[in-house]
Amino acid sequence: MGKIDNLDKQILEIITKNARIPFKDVAAECGVSRAAIHQRVQRMIDLNIIVSSGYHVNPKSLGYRTCTYIGVKLEKGSMYKNVGAELENIPEIVECHFTTGPYTMLVKLYAKDNEHLMDLLNNKIQEIKGVTATETLISLDLHFMREIPIQNVSTTK
């Protein structure tokens with residue numbers, strides 16, 4: 001992954017707070033041309049520094065009222081790629097991590113209600129070959145969500 005300089009940091013700080021901000025406004029705030037902003041952002045995309053952009057949809061607005069984290073234990077840790085591929089086929093799962101600690105994998109999913117959650121657990125996740133146990137943690141409320149701090153990133157000179 002490439003290093004970033006102070007201008008890149010400034011750009012990242014602006015666009016992570018508002019991904020919809022026009023490049024002309026970013027350019028004005030940074031004191032450079034819109035073309036320079038476009039080139040910098042494209043370079044950071046190419047270097048995999050910026051990995052996505054777009055809108056975040058409120059799951060509750062679509063009827064998904066239950067946010068859940070599920071610790072998944074596998075027969076063998078080496079099964080995580082196959083199990084991960086199966087988990088990816090469950091659209092309600094929005095994140096899947098291969099982890100250390102008591103679980104082999106940790107997934108985040110959204111369910112419409114407890115009945116829907118039970119169906120996902122019993123008939124989808126626990127039916128995957130290699131899954132030996134799950135532990136479910138229901139999120140009661142999202143306190144905050146943010147990007148990693150930009151100001152602490154080292155820059156090239």
Side-chain angles (χ1 to χ4, degrees), residues 1-2 4 8-26 29 37-38 40-154:
M1 196 166 311
I4 61 173
D8 292 331
K9 281 175 58 173
Q10 190 176 7
I11 294 166
L12 288 171
E13 284 187 38
I14 295 166
I15 66 175
T16 57
K17 289 178 186 152
N18 178 7
R20 296 171 42 177
I21 189 169
F23 280 177
K24 69 178 180 57
D25 295 348
V26 178
E29 194 168 330
I37 298 299
H38 179 76
R40 292 291 187 118
V41 168
Q42 188 58 53
R43 181 180 67 74
M44 288 189 279
I45 290 169
D46 294 343
L47 291 172
N48 211 27
I49 294 167
I50 297 173
V51 293
S52 69
S53 65
Y55 301 101
H56 294 282
V57 176
N58 179 353
K60 288 181 181 179
S61 70
L62 300 177
Y64 291 91
R65 306 205 47 81
T66 304
C67 175
T68 308
Y69 295 88
I70 301 171
V72 179
K73 293 183 180 183
L74 303 182
E75 280 178 40
K76 298 185 300 187
S78 61
M79 300 176 83
Y80 83 93
K81 286 184 182 177
N82 292 338
V83 172
E86 292 293 325
L87 291 169
E88 196 169 356
N89 291 326
I90 302 171
E92 293 87 350
I93 295 177
V94 296
E95 287 183 30
C96 179
H97 302 268
F98 182 46
T99 62
T100 62
Y103 310 113
T104 314
M105 304 179 88
L106 184 66
V107 299
K108 177 181 179 181
L109 69 76
Y110 287 95
K112 294 183 184 256
D113 52 33
N114 286 348
E115 186 177 324
H116 184 210
L117 174 59
M118 192 168 76
D119 178 60
L120 289 169
L121 284 167
N122 294 340
N123 299 319
K124 303 266 175 113
I125 297 171
Q126 293 171 351
E127 292 296 316
I128 296 171
K129 184 179 181 206
V131 172
T132 60
T134 60
E135 184 172 347
T136 304
L137 304 161
I138 294 176
S139 171
L140 299 175
D141 189 29
L142 173 66
H143 186 69
F144 68 87
M145 181 173 69
R146 63 179 165 209
E147 292 295 320
I148 195 79
I150 306 299
Q151 65 273 14
N152 297 330
V153 175
S154 63

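Values in this document were obtained by computation on a predicted structure and should not be read as measured data.
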Looking at every non-hydrogen atom in both residues, tell me the closest pair between [X] and [Y] and how far apart they are.
X: Val131; Y: Gln126; value: CG1-CA, 4.2 Å
X: Thr104; Y: Leu74; value: OG1-N, 3.2 Å
X: Asp113; Y: Thr66; value: CA-OG1, 4.0 Å
X: Val83; Y: Lys129; value: CG2-O, 3.7 Å
X: Asp119; Y: Asn123; value: OD1-ND2, 2.5 Å
X: Thr99; Y: Met105; value: OG1-N, 3.8 Å

Side-chain heavy-atom pair [X], [Y] within 4.5 angstrom cut-off:
X: Tyr110; Y: Lys60; answer: no
X: Leu120; Y: His116; answer: yes
X: Leu109; Y: Ile125; answer: yes
X: Ile128; Y: Asn82; answer: no

Which word best sums up how the rings of Tyr80 and Phe98 line up, parallel for under 30°, tilted for 30 to 60°, or perpendicular for over 60°? parallel
Can you tell me how far [atom2] of [Y] sits from [atom1] of [X], rounded to the nearest 0.5 angstrom?
X: Lys124; Y: Leu87; atom1: NZ; atom2: CG; value: 11.5 Å
X: Ile14; Y: Phe23; atom1: CD1; atom2: CZ; value: 11.0 Å
X: Thr16; Y: Ile11; atom1: OG1; atom2: CD1; value: 11.5 Å
X: Ile150; Y: Lys9; atom1: CD1; atom2: NZ; value: 9.0 Å
X: Arg43; Y: Asp8; atom1: CZ; atom2: CG; value: 4.5 Å
X: Asp25; Y: Ile37; atom1: CG; atom2: CD1; value: 10.5 Å

Begin from the C-alpha positions of Val107 and Ile90 and carry the test side chain to side chain contact (heavy atoms under 4.5 Å, CB included) through to its verdict. CA-CA 11 Å; Val107 299; Ile90 302 171; over 6 Å; no
Would you say Asp141's side chain and His143's backbone share a donor-acceptor pair under 3.5 angstrom? no
Does any donor atom in the side chain of Tyr64 or Glu92 lie under 3.5 Å from an acceptor atom in the other side chain? no
Does one side chain, of Asp46 or Gln42, offer a donor that lies under 3.5 Å from an acceptor on the other? yes
Establish, for the pair Lys108 and Tyr69, whether the NZ or CZ atom is under 6.0 angstrom from the six-membered ring centre and no further than 45 degrees off its axis. no
